Amino acid sequence: MRTRPRILMCPPDYYGVHYEINVWMDTRRQSDHPTAVQQWSDLQDLLTAAGAKIELLDPVDGLPDLVFTANAALIYERRALLSRFRHEQRKGEEQYDAEWLRKEGFTVGLLPDGHFFEGAGDALFCGDTLFAGYRMRSDAPSHQLVGELLGHRVIPLELVDPYYYHLDTCFCPLAHGIAAYFPGAFDDYGLQALAEHLETLIEVDEEEAKSFACNAVVVGSTVTTNMGCPHFHDALRQHGFRPQATPLSEFVKAGGSAKCLTLRLDGEDAASWRM
Ligand code: ARG
């Protein structure tokens with residue numbers, strides 16, 4: 001029997017737009033703290049109601065983006081491949097992520113110096129294939145190495161639009177063989193690779209992609225997104241999912257939404273190796 005879904009989140013105590021490392025971020029467009037706290041806790045409640053057990057990482061003063069736990073690591077069974085952040089501003093997170101994961105019994109692996117790899121933000125299993133976004137944050141050699149380490153096929157996908165700088169902003173595995181994606185974030189080769197390796201692709205339009213429709217958290221048949229994704233929700237219903245929306249505007253200001261705020265610890269529903 002499968003265990004209860006486990007999701008790592010980090011409370012937004014020290015969250016804010018304190019630097020600019022993606023095109024969404026503008027320090028003059030600050031997040032409203034009480035609203036961010038409310039939005040984060042509403043997301044936590046919705047995921048709990050969907051059946052997940054939420055684990056908490058302690059927030060750290062001076063590390064505002066630690067809330068985006070998707071970037072802590074790539075989880076595979078009881079292994080965690082730690083992120084190697086591209087930007088100086090986030091490198092300080094690595095030690096706290098490693099500490100928490102080790103304490104929880106994960107075997108923590110680290111890519112060699114010089115690699116850039118941003119965990120579940122850029123590497124997502126669908127079935128037994130790892131879909132891997134590169135160029136803006138993670139690099140292609142890191143994904144090849146990850147594939148070798150885990151013994152899984154990797155499909156590298158170049159991200160071509162700076163608004164979709166992490167793969168989880170434009171691609172979301174929903175179940176075996178089915179995923180949502182925003183075509184505008186990929187090049188022709190990437191689009192062809194997605195079409196070849198997935199039986200069903202739900203296309204998200206540009207307006208809803210900008211509302212982070214693809215940055216969805218899947219817990220069983222429940223799919224949680226930011227507000228402003230009605231067409232995507234209709235498509236999800238047609239495929240038998242139960243979509244729900246919750247406001248995440250304060251996190252969008254830093255270039256993140258529902259999925260970025262979570263790290264699935266027992267394997268995503270779409271991954272064939274789920275524990
Ligand atoms: N401000 C953060 C960054 O630019 C947002 C990270 C969003 N995380 C994600 N998995 N897409 O790194």
Side-chain angles (χ1 to χ4, degrees), residues 6-10 21-22 55-57 59-60 63-104 106-126 129-150 152 154-157 159 164-173 212 214-218 251 254-268 270-271 273-275:
R6 283 175 81 209
I7 291 177
L8 178 64
M9 293 180 73
C10 172
I21 57 169
N22 66 55
E55 310 275 359
L56 294 179
L57 172 68
V60 177
L63 296 175
D65 279 340
L66 196 61
V67 290
F68 297 113
T69 49
N71 298 124
L74 171 66
I75 302 295
Y76 179 72
E77 297 176 343
R78 297 301 292 158
R79 292 161 77 179
L81 288 180
L82 206 64
S83 282
R84 287 277 202 176
F85 285 99
R86 184 174 288 270
H87 295 104
E88 231 21 78
Q89 291 93 329
R90 294 199 68 181
K91 284 192 197 298
E93 298 176 30
E94 292 167 10
Q95 69 178 102
Y96 297 98
D97 295 330
E99 213 174 274
W100 191 90
L101 290 160
R102 261 187 215 116
K103 190 188 79 210
E104 286 297 311
F106 286 93
T107 304
V108 174
L110 191 61
L111 300 182
D113 263 347
H115 281 271
F116 295 121
F117 175 66
E118 299 203 354
D122 269 334
L124 298 161
F125 275 100
C126 197
T129 301
L130 188 63
F131 292 85
Y134 70 94
R135 183 167 131 187
M136 313 269 176
R137 293 298 181 85
S138 304
D139 55 36
S142 296
H143 289 315
Q144 288 316 327
L145 193 52
V146 167
E148 281 161 34
L149 288 170
L150 303 183
H152 279 268
V154 173
I155 304 296
L157 300 163
L159 303 177
Y164 307 98
Y165 59 95
H166 275 142
L167 185 63
D168 69 358
T169 62
C170 51
F171 175 72
C172 179
F212 281 82
C214 298
N215 202 244
V217 185
V218 181
F251 298 98
S257 185
K259 176 61 185 265
C260 305
L261 292 166
T262 67
L263 180 67
R264 185 71 179 258
L265 296 165
D266 57 314
E268 299 283 352
W273 58 268
R274 247 198 95 186
M275 300 180 64

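Numbers here simply count residues along the sequence, with the first being 1. Small disclaimer: the values here were computed from a predicted structure and weren't measured.
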Using modelled atom types and a 3.5 Å cut-off, is there a donor and acceptor pairing between side-chain atoms of [X] and backbone atoms of [Y]?
X	Y	result
Thr262	Ile7	no
Thr69	Cys10	no
Tyr165	Gly255	yes
Asn215	Cys260	yes
Arg79	Leu150	no

Taking all non-hydrogen atoms of both residues into account, name the closest pair between [X] and [Y] and its distance.
X	Y	result
Ala70	Asp168	CB-OD2, 4.0 Å
Ser142	Phe117	CB-CB, 4.1 Å
Ala132	Val154	CB-CG1, 3.9 Å
Arg86	Ser138	NH2-O, 3.9 Å
Ala120	Leu263	CB-CD1, 3.7 Å
Phe68	Ser257	CE2-N, 4.4 Å

From [atom1] ([X]) to [atom2] ([Y]), nearest 0.5 Å:
X	Y	atom1	atom2	answer
Asp122	Arg137	CG	CZ	8.5 Å
Asp65	Gln89	CG	CD	9.0 Å
Ile75	Met275	CD1	CE	10.5 Å
Tyr96	Leu63	OH	CG	6.5 Å
Arg84	Glu118	CZ	CD	12.5 Å
Glu93	Asn71	CD	CG	7.5 Å

Side-chain contact, heavy-atom cut-off 4.5 Å: [X] with [Y]?
X	Y	result
Leu74	Leu130	yes
Val146	Tyr76	no
Phe116	Asp139	yes
Leu124	Lys259	yes
Cys170	Leu157	no

Practice problem: Take Glu104 and Arg6 through the side-chain contact (heavy atoms from CB on, under 4.5 Å) test and state the conclusion after the steps. | Solution: CA-CA 12 Å; Glu104 286 297 311; Arg6 283 175 81 209; 3.0 Å; yes

Quiz item: What residues, two or more places apart in sequence or in another chain, satisfy ring-ring contact (aromatic ring centres under 6.0 Å, His included) together with Phe171?
Solution: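 In terms of ring-ring contact (aromatic ring centres under 6.0 Å, His included), with neighbours along the sequence ignored, Phe171 is linked to Phe131.
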
Quiz item: Can you name the salt bridge (charged side-chain N to carboxylate O under 4.0 Å, His left out) partners of Glu94, sequence neighbours left out?
Solution: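 Per chain and number, Glu94 pairs via salt bridge (charged side-chain N to carboxylate O under 4.0 Å, His left out) with no residue.
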
Self-check item: Name of the residue among Leu81, Thr107, Val108 meeting side-chain contact (heavy atoms from CB on, under 4.5 Å) with Leu101
Solution: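 It is Val108; the other options fail the test.
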
